[in-house]
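First comes the structure, then the notes that go with it.
Atoms within a ligand are numbered from 1 in the order they appear, just like the ligands themselves.
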Amino acid sequence: MTAELTAQVCVVGGGPAGLALAVELAKRSVSVVVLEQSGHFNRSFRGESVSPDSVWLLDRLGLLDRLDGTYEQMHHMEIIDSGSTVLSVDFSDFPYPHPYPVELPQPALLSALADVGREHPGFTLRQSATAVGLLRERGDSGPVTGVRARTPDGELVVRAALTVAADGRFSKVREMSGLPYEKQPLDRDVIWLRLPIPQEWDSNTYRIRIRGGEHGLFIPTHPDSVRVGLNIPKGGLKDLRAKGLGALHERLDRLAPELSATVRKEVKSWSDTSMLDIFTTVVPNWSMPGLILMGDAAHTLTPILGQGVNHAIIDAVTLAPLVEEAMAQNTTAALVRAGETFQRTREEAVRLSRALQLRQERLFALDGRLGGLARRSLYRVVDRNRTLQQKVLARAYFQVQEPGTTVARRVTREPARPS
Ligand SMILES: Cc1cc2nc3c(=O)[nH]c(=O)nc-3n(C[C@H](O)[C@H](O)[C@H](O)COP(=O)(O)OP(=O)(O)OC[C@H]3O[C@@H](n4cnc5c(N)ncnc54)[C@H](O)[C@@H]3O)c2cc1C
């Protein structure tokens, strides 16, 4: 049997982008149905690094207080290349209201967003509902008018004036819409694992370790662990697995001997790891009549500097008022304009983040004596020049906040100290 729902907006995907948009729409009295294929919010190794700009936005949206106790504020970033510290960044130097990125597990963020959404009558979240088809006027060629979804109880049809694809990096809705896109694979993939944080590390520092062509990201993870991301050549998982887990352990030994004992205790099978296929996606048109793409579906980024969640949230707060205004006009043309304005407003910021990430990827990839020397020299130049540090990081971290806030007004939490 087919069940039917009608709303002004149908959002496919209850990740950070989709839920933040749905909450912002519901607050504006725009009725919204969110379809999420998963039955729960438990997800690991997914977008836990949240940029200062998004922390600021979450604060303004009244979510930061609700999230208190679920996240860790990051105060420093340090890059150690071939055993020497080549870059040390102190985020408290940045003159913004929220200068610190935070590590916030997605289950906490998504649950908080869903809780806020449920406080508004126009908000409906359907979990275990997978979008499998688009409804369109005039067969396959007309405007999108809603979504067909598969649920444990049978088919669900959602009719909506606007459908928003917030269904992530492998967006099925983008695929079904026929909107063209270009997937750009990067030269490496990342294998992730999670370990208890070593005693000698504080939990407020991002650590990046590089040795030759190998590098690792060590990201403190609330409440007491560290996510470790190790680069492997593109498609190199099969080769690594063929060498056995010992090869993975030894790789970590070379970058972070502090973790040698722990990794042998905690990572006993490949199922204790998770592989991230690194690519970016460029979508020339983020919308078509009746449909708008947002978040990873519109612009997949790499994990560098936690930009995915950041852009997802900024997308949501940008798009919601545009949709509200278009709904008030109640015409297809107004919704089309909203989609176009949304893309125009957001794509330059996304482009800047992508360019910064790609530059960083290239630096990581430099190998050999000369390559390593060039990379270390570059990091040291940035290390010595605070203005340059701010300029470089501002492209990723401070696109939304206004600079100039005094330290006294800043929101700072006491760092956790190693016990
Ligand atoms: C291993 C890994 C590590 C990452 N680390 C970071 C990080 O530290 N910081 C950071 O900022 N970003 C990180 N990212 C990227 C980040 O997770 C994404 O950029 C961010 O979650 C994008 O939000 P989104 O809502 O657009 O998409 P997603 O978070 O991917 O959410 C999409 C949602 O759509 C649902 N969905 C998919 N298909 C359908 C369908 N057909 N019907 C219904 N629902 C559907 C999915 O279940 C999911 O809940 C990481 C990504 C991965 C994979």
Side-chain angles (χ1 to χ4, degrees), residues 10-22 33-55 71 74 101-107 109-110 113-114 125-134 147-151 156 158 163-177 189-194 206 217-222 227-230 273-281 283 286 293-316 319 350 353-354 357 396-397:
C10 175
V11 176
V12 180
L19 279 179
L21 175 70
V33 171
V34 183
L35 300 175
E36 166 53 48
Q37 70 182 3
S38 173
H40 54 74
F41 291 133
N42 292 339
R43 11 162 91 181
S44 204
F45 300 114
R46 296 273 294 277
E48 302 191 14
S49 305
V50 178
S51 275
D53 271 350
S54 284
V55 179
Y71 63 87
M74 294 294 113
V102 303
E103 286 303 313
L104 166 63
Q106 272 205 16
L109 173 63
L110 300 180
L113 282 166
L125 168 62
R126 290 293 302 261
Q127 290 174 290
S128 305
T130 304
V132 292
L134 291 176
V147 174
R148 273 190 307 106
R150 197 180 50 232
T151 79
L156 171 66
V158 184
T163 296
V164 176
D167 53 343
R169 59 209 311 259
F170 300 108
S171 173
K172 175 98 199 278
V173 173
R174 184 182 64 207
E175 208 64 54
M176 293 187 296
S177 73
D189 289 331
V190 171
I191 184 155
W192 288 98
L193 39 123
R194 187 187 292 264
Y206 287 132
L217 312 177
F218 302 86
I219 305 174
T221 300
H222 185 81
R227 300 196 305 291
V228 178
L230 301 172
T273 68
S274 171
M275 228 282 294
L276 174 62
D277 173 13
I278 307 248
F279 59 85
T280 73
T281 309
V283 186
W286 296 4
L293 313 186
M294 69 180 300
D296 271 17
H299 44 66
T300 312
L301 296 166
T302 84
I304 304 249
L305 293 169
Q307 289 300 287
V309 174
N310 188 37
H311 283 291
I313 293 174
I314 302 175
D315 276 5
L319 183 55
V350 170
S353 290
R354 181 183 286 118
Q357 289 185 328
Y397 280 175

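- Numbered from 1 in the order shown, with element, the atoms of ligand 1 that lie under 4.0 Å from a heavy atom of Gly308 read 10 (C), 11 (O), 12 (N), 19 (O).
- At a 3.5 angstrom cut-off on N or O pairs, Met294 does not count as close to ligand 1.
- Heavy-atom distances between Glu103 and ligand 1 stay at or above 4.0 Å for every pair.
- Close approach of ligand 1 to Gly15 (heavy-atom distance below 4.0 Å) involves ligand atoms 25 (O), 31 (O), 33 (C), 49 (O).
- Close N/O approach between Gln37 and ligand 1 is found [any backbone or side-chain N/O within under 3.5 Å].
- Between the OG atom of Ser128 and the CG atom of Leu156 there is a distance of 12.0 Å, given to the nearest 0.5 Å.
- Among Gly13, Ala166, Ala297, Ala165, the residue whose heavy atom lies closest to atom 32 (C) of ligand 1 is Ala166.
- Taking OG1 of Thr302 as the start and CZ of Phe279 as the end, the distance is 11.0 Å to the nearest 0.5 Å.
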Exercise. Can Thr281 and Arg174 be said to form a side-chain contact (heavy atoms from CB on, under 4.5 Å), step by step?
Worked result: CA-CA 12 Å; Thr281 309; Arg174 184 182 64 207; 3.8 Å; yes

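- Residue contacts with ligand 1: Pro16 is placed with a nitrogen or oxygen under 3.5 Å of a nitrogen or oxygen of the ligand (distance criterion only).
- For Asp296 and Thr300, the side-chain atoms include no donor-acceptor pair closer than 3.5 Å.
- Assignment of Ser274 to the shell around ligand 1 is not supported, since no heavy atom sits closer than 4.0 Å.
- With rounding to the nearest 0.5 angstrom, the CZ atom of Arg169 is 10.5 Å from the OG1 atom of Thr280.
- Looking at ligand 1, you'll find an N or O of Ser49 within less than 3.5 Å of one of its N or O atoms.
- Between Gly295 and ligand 1, no N or O atom pair is found at a separation short of 3.5 Å.
- Assignment of His311 to the shell around ligand 1 is not supported, since no heavy atom sits closer than 4.0 Å.
- Checked by atom type, the side-chain pair Ser49/Glu103 shows a donor-acceptor distance below 3.5 Å.
- Under the 3.5 Å distance criterion, the side-chain polar atoms of Ser38 are left unmatched by any main-chain donor or acceptor of Glu36.
- For ligand 1, the polar-atom distance check finds an N/O of Glu36 within less than 3.5 Å of one of the ligand's N/O atoms.
- Close contacts between ligand 1 and Arg227 involve ligand atoms 8 (O) [criterion: under 4.0 Å to a heavy atom].
- Taking all heavy atoms of Asp296, Ile278, Thr221 into account, the minimum distance to atom 19 (O) of ligand 1 is reached by Asp296.
- Within the model, atoms CG of Leu301 and CG of Asn310 stand 9.5 Å from one another, a figure rounded to the nearest 0.5 Å.
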